[in-house]
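Protein chains get the first letters and strands the later ones, always in sequence-line order, with residue 1 at the start of each. As the structure is a prediction and not an experimental result, all values here were calculated from the model.
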Protein chains: 2
Amino acid sequence: MATIKDVAQAAGVAPSTVSYVLSGSRKISAETRAAVQAAVDELGYHPNAGARSLRSTRTDVLALALPLSGTGYLPVGGRFMYGLSEAAGKHGYLVLLVTPPGSGDAGAGLERAARSRFADAAVLMGVEMEDPRVAAMRALDFPVALIGHPADESAAPWTDLDWEESALASVRALRDAGHRRVLYLATVEEDVGTGRTYSVRGIRGAARAAAELAAHVDVCHSSGDPAELYRRLDARFDSADPPTALAVQHPAAIPGILRHLAARGVQVPRDVSLVAVGSFPEDLGGLDVTRIELPVAEMSAAVTRLAAEAVEAAGDPGRAGGDSAPHRLIPPRMIRGSTVAPAP
Amino acid sequence: MATIKDVAQAAGVAPSTVSYVLSGSRKISAETRAAVQAAVDELGYHPNAGARSLRSTRTDVLALALPLSGTGYLPVGGRFMYGLSEAAGKHGYLVLLVTPPGSGDAGAGLERAARSRFADAAVLMGVEMEDPRVAAMRALDFPVALIGHPADESAAPWTDLDWEESALASVRALRDAGHRRVLYLATVEEDVGTGRTYSVRGIRGAARAAAELAAHVDVCHSSGDPAELYRRLDARFDSADPPTALAVQHPAAIPGILRHLAARGVQVPRDVSLVAVGSFPEDLGGLDVTRIELPVAEMSAAVTRLAAEAVEAAGDPGRAGGDSAPHRLIPPRMIRGSTVAPAP
DNA sequence: CTGAAAGCGCTTACAG
DNA sequence: CTGAAAGCGCTTACAG
């Protein structure tokens with residue numbers, strides 16, 4: 001592989017001049033610049049990543065810390081890998097995956113990536129309300145940006161869909177259609193248990209909806225096991241006062257839920273209305289569901305910007321260590337589908 | 001961050017000794033080893049990735065070259081990111097994502113990653129029958145392993161589900177149930193057009209099935225646009241001699257297909273039987289479809305092993321450059337679901 | 001069994 | 001406007 005020396009020799013200049021041409025951090029005469037550029041193109045020169053990062057302490061890599069997928073594959077993780085890779089590319093960053101599912105300690109891969117300086121910053125997914133990874137990375141002076149809205153909003157830069165408002169808006173849409181008994185199907189219970197921010201805040205929004213909208217809102221946790229989920233739904237629909245509407249924060253389960261309800265003789269929206277909270281198109285298998293979509297591209301762009309800023313700030317002692325952190329809370333946008341009808 | 005010097009000082013030895021303890025490439029007395037290990041643990045020392053790779057030309061990183069997703073998000077890409085990250089982790093590798101969807105040149109990110117030595121090898125997804133990336137990487141002496149079965153089997157190590165056998169087996173299962181008119185719904189036409197190996201080989205298997213099994217096998221290309229796909233299906237089902245069975249190599253479309261058929265008054269499997277080719281569970285939204293699943297974990301493990309071997313071989317001049325490449329072709333396994341019934 | 005030293009390929013003060 | 005030189009943190013022949 002060509003080195004900076006090869007380029008310098010081909011262009012008849014010193015290696016340092018090549019470096020300056022490439023970084024643009026020094027005024028260079030037009031002829032010299034052209035000669036160097038020609039040699040770079042001719043040789044297909046790309047600076048060695050290891051040498052560059054050793055010297056400049058910049059890797060141009062963002063680490064993406066995936067959540068442990070206790071319940072198997074998480075489609076949302078795949079979406080963000082794509083979304084982040086694309087957004088990061090626009091900022092000149094590559095994306096490194098850490099903490100593969102199945103490893104023991106949730107933070108082990110991340111810690112290694114940070115201590116070995118495999119990356120300039122980490123983007124954290126599957127964030128918990130009190131996420132231990134935030135303090136761990138701060139102790140290492142390693143910049144982070146979160147996809148999630150933690151309890152301490154100033155602990156680290158973060159972005160998220162406003163899940164609380166999303167839950168509220170979905171119940172409101174149902175309430176506006178006349179429904180007074182709404183079942184809020186929250187995330188799978190593992191996510192509730194570990195305090196994932198989207199899970200906790202969604203449930204919080206459902207509780208607010210009950211208080212503010214004069215509606216009965218029954219919160220039920222979803223399950224990764226469809227049979228168990230359907231048992232829970234059956235219990236509600238078999239009760240004396242069954243719900244007339246569902247708000248579902250487990251969108252991947254919706255096609256199955258619709259089939260299960262149909263098998264019970266319950267039609268959507270004729271008998272029951274339904275809103276999806278935080279879905280993406282693949283989840284719904286082409287069904288025209290009334291929904292609030294998860295804005296993956298917008299969140300990916302936002303978290304990339306936050307991460308890039310955190311990297312800059314870490315290099316600039318003046319700006320680092322302020323006790324507030326920037327964030328971007330994304331308001332929900334309701335998309336009208338065909339699954340909401342007036343209450344019977 | 002602690003360096004090897006800090007560890008050496010804390011342990012009272014030379015930096016080189018710390019390096020030897022960590023690499024295990026030299027006999028070290030038990031006391032020295034213990035002292036070094038204690039210092040390493042105490043300081044939380046991890047070797048700097050840049051320095052290590054600069055010196056040893058090993059990065060312990062595998063680049064995953066994603067296909068350009070012309071038709072938007074590809075769930076299969078997400079699956080392999082998880083699968084590969086997990087499999088690579090077991091071999092001590094981290095995974096770097098390159099060529100995010102949306103970038104102009106399919107190979108630009110990969111080329112940069114290779115020339116800058118961001119990784120030790122590349123795993124290529126979305127492989128085409130004659131994939132230009134293979135030659136490009138060979139020209140750079142950059143090891144690759146493919147997820148896909150290219151025309152030239154000896155060009156690079158590769159692994160894949162045997163799509164030809166999969167298509168053949170799916171038609172055979174339908175033929176064995178008495179079906180004589182089978183519609184083979186191939187991949188979306190973009191994949192056919194670019195010559196993706198799974199696409200070409202699936203169609204090849206369908207053609208063989210027609211020749212070998214005395215069945216009419218009509219091959220129809222799927223579409224990313226559901227409306228267009230349903231028009232194509234309607235054309236077949238409205239014909240004088242409609243199919244009685246479907247083999248579908250576009251599993252994500254199956255829930256929608258079933259709904260569309262139901263709307264036409266066609267029940268599966270009462271009126272039409274169906275087999276999915278290369279699905280994974282999320283695709284089918286909980287439907288109990290007769291299917292050949294895409295063995296993501298097995299393929300990820302295989303391609304990781306192939307990549308790791310290619311890295312070793314590249315370091316060993318004796319083994320490199322042989323004119324054959326190892327591969328692993330995975331035979332299909334049919335999973336019985338409830339979507340195949342005897343022909344009417 | 002252990003250490004001192006060279007050098008991987010860059011970037012960036014220092015010098016002119 | 002350009003160059004010579006130091007040094008980032010490792011690994012591994014060379015030496016004892």
**Study point:** Side-chain heavy-atom pair A:Tyr93, A:Asp120 within 4.5 angstrom cut-off
**Key:**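 A:Tyr93 vs A:Asp120: side chains touch.
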Exercise for review: Answer whether the closest heavy-atom distance between the side chains of A:Tyr45 and A:Ile4 falls below 4.5 Å.
Suggested key: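 Heavy-atom side-chain distance check passes, below 4.5 Å.
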Point to revise | side-chain hydrogen bond (donor to acceptor under 3.5 Å, both in side chains) partners of A:Asp141, counting only residues at least two apart | key: none
[X] has an atom [atom1]; how far is it from atom [atom2] of [N], in whole Å?
X: B:Glu31; N: C:dC1; atom1: CD; atom2: P; value: 10 Å
X: B:Arg33; N: C:dC1; atom1: CZ; atom2: P; value: 9 Å
X: A:Ile28; N: D:dC1; atom1: CD1; atom2: P; value: 9 Å

Exercise for review: Toss me the dot-bracket line for DNA chain D: Watson-Crick and G-U wobble, both under 3.5 Å, 5' to 3', using | for pairs to another strand and [ ] for crossers.
Suggested key: |||.||||||||.|||
Practice item. Summarise protein proximity over nucleotides 10-16 of chain D in one line of letters, 5' to 3': B for base, S for sugar-phosphate only, - for none, counting protein heavy atoms closer than 4.0 Å. Key: BBBBB--
Salt-bridge test for [X] and [Y]: reply yes if a basic N is under 4.0 Å from a carboxylate O, no otherwise.
X: B:Glu128; Y: B:Arg133; result: no
X: B:Glu312; Y: B:Arg58; result: yes
X: B:Arg115; Y: B:Glu111; result: yes

Check your understanding: Within the structure shown, what part of the strands sits under 4.0 Å from A:Thr32 by heavy-atom distance: base, sugar-phosphate, or nothing?
Key -> sugar-phosphate
**Study point:** Within 6.0 Å of CD in A:Glu42, more than 12 heavy atoms from elsewhere
**Key:** no
Check your understanding: A:Thr32 and A:Ser29: side-chain donor and acceptor closer than 3.5 Å?
Key -> yes
